[in-house]
Amino acid sequence: MTTMTETSARFREFKMPDVGEGLTEAEILKWYVQPGDTVTDGQVVCEVETAKAAVELPIPFDGVVHELRFPEGTTVDVGQVIIAVDVAPGSGDAPAPAADPVQEPVAEPEAEAEPKGRTPVLVGYGVAESSTKRRPRKGAPAAPEAAAVAAAVQAELNGHAAPAPAAAPAPSVPAQGGAAGGRPLAKPPVRKLAKDLGIDLATVVPTGKDGVITREDVHAAAAPAVSEAPAPAAPAPVAAEAPAAAEPTVVPDSARETRVPIKGVRKAIAQAMVGSAFTAPHVTEFVTVDVTRTMKLVAELKEDKDMAGVRVNPLLVIAKALLVAIKRNPEVNAAWDEANQEIVRKHYVNLGIAAATPRGLIVPNIKDAHDKTLPQLAQALGELVATARDGKTSPAAMAGGTVTITNVGVFGVDTGTPILNPGESAILAVGAIKLQPWVHKGKVKPRQVTTLALSFDHRLVDGELGSKVLADVAAILEQPKRLITWA
């Protein structure tokens, strides 16, 4: 897909690319540039979040930023223009920003009627005549009629007659704390919050940049009146022909609840886990094992000069143990192809490592982990975890996994019944390693002990095969010299 277009010899537009594998939309998390900033070919201009990961987008040409089409927090369809760049600055007056032809404005009954002209006050708000990601509803009235209907509905809710439609005002420089005409500046979710709390935005003191009212400003204005505020009156019925209110992108908070929109990575994880749980028949087996010798090996590896510069921890040895177990039992490394009614046996291992991030649990994988030496595996693990924690994991890094490890022990949890990553055959959960009384050489002694849990797809892996894999991993962790004798 082409991600840039030429509006003239001077202005070029950059479209939202498909940064994943057939993804249709992405949310703009952060803009790194503003109108008037100079950009160069390859410079990162924004960060977006898809259903798979957060990704930074570089601009493919030089110039000066002319216009940002969408604000942070907006979900944009792939192929829509997100930024316009002046590639020949100083060659004449810039034309007015062009509306994105993909979008059409849709009036919202709950919001005040927006002026048709542009008011360049918020990045992406009021600059383009288009709305956000919503496409026109089938059979919806044209823009002027829709605006009139919205105004009439708002007037009915307010208890007075609807004003006559007015001509669109010319763009002007906004006054402090408001847009042209004195309308308070606030994003749609903040306006919705104010409406739900019964707060008139005209009475709110803005603290945001350029006089923008924030959620905190609305909560501050509502705080003194919470105990005295009467119950809100039921709204008047809305005319049947009025367009339905758009779904809010952020659900208002209250003193007793906080609601977070389900979107991006979190939404994709939920859908994938539900699909996996109700598609693949899961079986989970458990084993408790003495890992004292493994812990001694970890301590020795930390002092080994061949491991200098890489992070050594129990997960490294566990990962290597699982790779050896798969080599001894290759049938476990497979996938179920429902469409073709085939079992696909993989002759490579892309080892997934479940990583907790601020956006939720993701599972990037180490490509061709079976071919890596212990130092190479340690380096790959360190890079994978660091990238995930920084929120920079690419969609490609999460694609193509075959088997996964989830280390629930870092949270002090003994074990669990992990759900398979979609398309994979097995997942190994590693519990907390604890000093426990253990029978060792006929005597009860304090030993380092952990519990392993292996979940597998019973269509692919029967009980015997699953048990062999889990027993092999446990045997290696109990006697890590088997990493050499079995490899």
Side-chain angles (χ1 to χ4, degrees), residues 17-23 26-27 29 44 47-58 263-276 280 310-323 326 332-335 346 348-411 416 418-430 454-457:
D18 178 3
V19 296
E21 300 173 345
L23 299 176
E27 178 186 353
L29 294 179
V44 173
E47 182 182 18
V48 301
E49 182 181 37
T50 69
K52 294 186 176 182
V55 181
E56 292 182 333
L57 298 183
K263 57 183 180 179
V265 175
R266 178 74 66 180
K267 182 176 182 179
I269 292 170
Q271 293 172 340
M273 291 299 98
V274 170
S276 176
V310 297
R311 184 180 181 186
V312 177
N313 56 21
L315 179 61
L316 171 62
V317 181
I318 294 167
K320 192 65 176 178
L322 179 58
L323 292 171
I326 292 172
V332 76
N333 190 41
K346 310 291 178 69
Y348 59 90
V349 181
N350 290 345
L351 182 61
I353 303 294
T357 73
R359 296 187 179 93
L361 187 71
I362 63 173
V363 188
N365 60 76
I366 299 172
K367 309 298 183 186
D368 294 324
H370 64 289
D371 280 339
K372 298 188 181 298
T373 64
L374 198 63
Q376 291 172 339
L377 187 61
Q379 182 177 358
L381 273 171
E383 293 172 353
L384 178 148
V385 173
T387 302
R389 287 176 178 171
D390 291 340
K392 306 300 182 183
T393 302
S394 67
M398 292 186 286
T402 61
V403 176
T404 290
I405 295 176
T406 177
N407 186 8
V408 298
V410 296
F411 305 108
I419 297 176
L420 292 167
N421 206 29
E424 299 183 9
S425 59
I427 180 171
L428 177 69
V430 181
L454 182 73
S455 291
F456 48 87
D457 185 340

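No experiment lies behind these values; they were computed from the predicted model shown.
- Judged by distance alone, the side chain of N365 and the main-chain N or O of L351 form no donor-acceptor pair under 3.5 Å.
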Next on the checklist: The test is side-chain contact (heavy atoms from CB on, under 4.5 Å); show your working for L381 and R311 and say whether it passes.
Outcome noted: CA-CA 8 Å; L381 273 171; R311 184 180 181 186; over 6 Å; no
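- Annotation for I326 and V403: closest pair CD1-CG2, 4.0 Å, computed over non-hydrogen atoms.
- Evaluation of the side chain to side chain donor-acceptor pair (under 3.5 Å) rule for T404 yields E424 as partners, not counting sequence neighbours.
- In this structure, CD1 on I419 lies 8.5 Å from OG on S455, to the nearest 0.5 angstrom.
- Listed for the S425 side chain is a donor-acceptor partner under 3.5 Å among the backbone atoms of V332.
- For the pair P395 and V55, the tightest heavy-atom approach, listed with the atom from each and the gap, is CD-CG2, 3.7 Å.
- Closest of all the heavy-atom pairs between E56 and V44 is CB-CG1, 3.6 Å.
- Taking 4.5 Å as the limit, every side-chain heavy atom of V430 sits out of range of all side-chain heavy atoms of T406.
- P375 approaches V310 most closely through the heavy-atom pair O-CG1, 4.2 Å.
- Smallest separation of non-hydrogen atoms from K372 and K367: CE-O, 3.5 Å.
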Item to check | Test log, rule side-chain contact (heavy atoms from CB on, under 4.5 Å), inputs I366 and L384 | outcome: CA-CA 8 Å; I366 299 172; L384 178 148; 3.8 Å; yes
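- Contact check for L428 versus I318: side-chain heavy atoms found under the 4.5 Å cut-off.
- With rounding to the nearest 0.5 Å, the separation of CD1 in I353 from CD1 in I405 is 4.5 Å.
- The two atoms that bring Y348 and G400 nearest to each other are CE1-O, 4.4 Å, heavy atoms only.
- Taking NE2 from H370 and CG from L323, the interatomic distance works out to 9.0 Å, rounded to the nearest 0.5 Å.
- Of the candidates D368, D371, L322, T402, V349 forms a side chain to side chain contact (heavy atoms under 4.5 Å, CB included) with just one, namely T402.
- Within the 3.5 Å criterion, the main-chain N or O of T393 finds no donor-acceptor partner in the side chain of T387.
- When side chains are defined from C-beta on, V410 does not count as touching L315, because their heavy atoms never get closer than 4.5 Å.
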